[in-house]
Amino acid sequence: QVQLVESGGGLVQAGGSLTLSCAASGGTFRSYGMGWFRQAPGKEREFAAAITWNGDSTIYRDSVKGRFTISRDDAKNTVTLQMNSLKPEDTAVYYCARAHGGYTSRWYGEYAYWGQGTQVTVSS
């Protein structure tokens, strides 16, 4: 059974940084694309970043480009989201997800497994 567990969320001032980690267990981690989504209160879940199975391609939503970096460590079965220059509008619960295949996608329907989420709060 695939399990994804996020960690690293917290409260940070605007302009600060946080590093989110997602630890995967079960299945073959290195064969699948991974993504990060987020959901703010009262809003729909939205795509943040994704990485292919081999790490050679990444995609980001426009509002986080240049500030967020997604990476993966297949030896540790982890995917990381480094978030810099955080803004109050980045406040959300952040979810890690594993894709159905080795690709990246902005659409939540392409992801088969989800973690429970970790709260990120950015104060102004």
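- A cation-pi geometry, defined here as NZ or CZ lying under 6.0 Å from the six-membered ring centre and within 45° of its normal, holds between Arg45 and Tyr95.
- Ring centroids of Tyr113 and Tyr32 are separated by 6.0 Å or more, keeping the two rings apart.
- Linking Ile, Leu, Val, Met, Phe, Trp and Tyr residues whenever their side-chain heavy atoms come within less than 4.5 Å places Leu4 and Leu81 in a single cluster.
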Q.
Walk me through whether Glu46 and Gln39 qualify under side-chain contact (heavy atoms from CB on, under 4.5 Å).
A. CA-CA 6 Å; Glu46 64 181 22; Gln39 187 167 18; over 6 Å; no

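- Without hydrogens or angle criteria, Arg38 side chain to Val120 main chain gives no donor-acceptor distance under 3.5 Å.
- Residue-environment remark: CD (Gln119) exceeds the threshold of 12 foreign heavy atoms within 6.0 Å.
- In the hydrophobic cluster analysis, where Ile, Leu, Val, Met, Phe, Trp and Tyr join through side-chain heavy atoms closer than 4.5 angstrom, Tyr108 is grouped together with Phe47.
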Q: Starting from the C-alpha separation in whole Å, work towards a yes-or-no answer on side-chain contact (heavy atoms from CB on, under 4.5 Å) for Leu20 and Thr80.
A: CA-CA 6 Å; Leu20 304 184; Thr80 299; over 6 Å; no

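- Within the model, atoms CD1 of Ile70 and CD of Gln82 stand 12.0 Å from one another, a figure rounded to the nearest 0.5 Å.
- The backbone N or O of Val122 sits less than 3.5 Å from a side-chain atom of Thr91, completing a donor-acceptor pair.
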Q. Where do Thr78 and Asp73 land on the side chain to side chain donor-acceptor pair (under 3.5 Å) test, with the steps shown first?
A. CA-CA 5 Å; Thr78 59; Asp73 184 340; 4.9 Å; no

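- Under the 4.0 Å criterion applied to side-chain N and carboxylate O atoms, Lys87 and Asp90 are not assigned as salt-bridge partners.
- Residues Tyr103 and Trp53 keep their aromatic ring centres 6.0 Å or farther apart.
- Side chain of Arg98 to backbone of Ala24: no donor-acceptor contact under 3.5 angstrom is found.
- For the atom pair OG of Ser25 and CD of Gln3, the computed distance is 4.5 Å after rounding to the nearest 0.5 Å.
- Hydrophobic clustering (side-chain heavy atoms under 4.5 Å, transitive across Ile, Leu, Val, Met, Phe, Trp, Tyr) groups Tyr111 together with Val93.
- For the pair Ser17 (side chain) and Asn84 (backbone), a donor-acceptor distance under 3.5 Å is absent.
- Atom CZ of Phe37 sits about 10.0 Å away from atom CZ of Arg61, to the nearest 0.5 Å.
- When side chains are defined from C-beta on, Leu18 counts as touching Leu86, because their heavy atoms get closer than 4.5 Å.
- Here the CZ-CG distance, from Arg30 to Asp74, works out to 5.0 Å after rounding to the nearest 0.5 Å.
- Distance check, rounded to the nearest 0.5 Å: CE of Met34 to SG of Cys96 gives 3.5 Å.
- Taking the six-membered ring where the residue is Trp, Phe68 and Tyr94 present tilted rings, their angle falling between 30° and 60°.
- A cation-pi arrangement, defined by a distance under 6.0 Å to the six-membered ring centre and an angle within 45 degrees of its axis, is absent between Arg67 and Tyr60.
- Val79 and Ile59 fall into different hydrophobic clusters, where Ile, Leu, Val, Met, Phe, Trp and Tyr residues are linked whenever their side-chain heavy atoms come under 4.5 Å apart, directly or through other members.
- Remark: of the listed residues Pro88, Ser124, Ser123, Ser123 is the sole one forming a side chain to side chain contact (heavy atoms under 4.5 Å, CB included) with Gln13.
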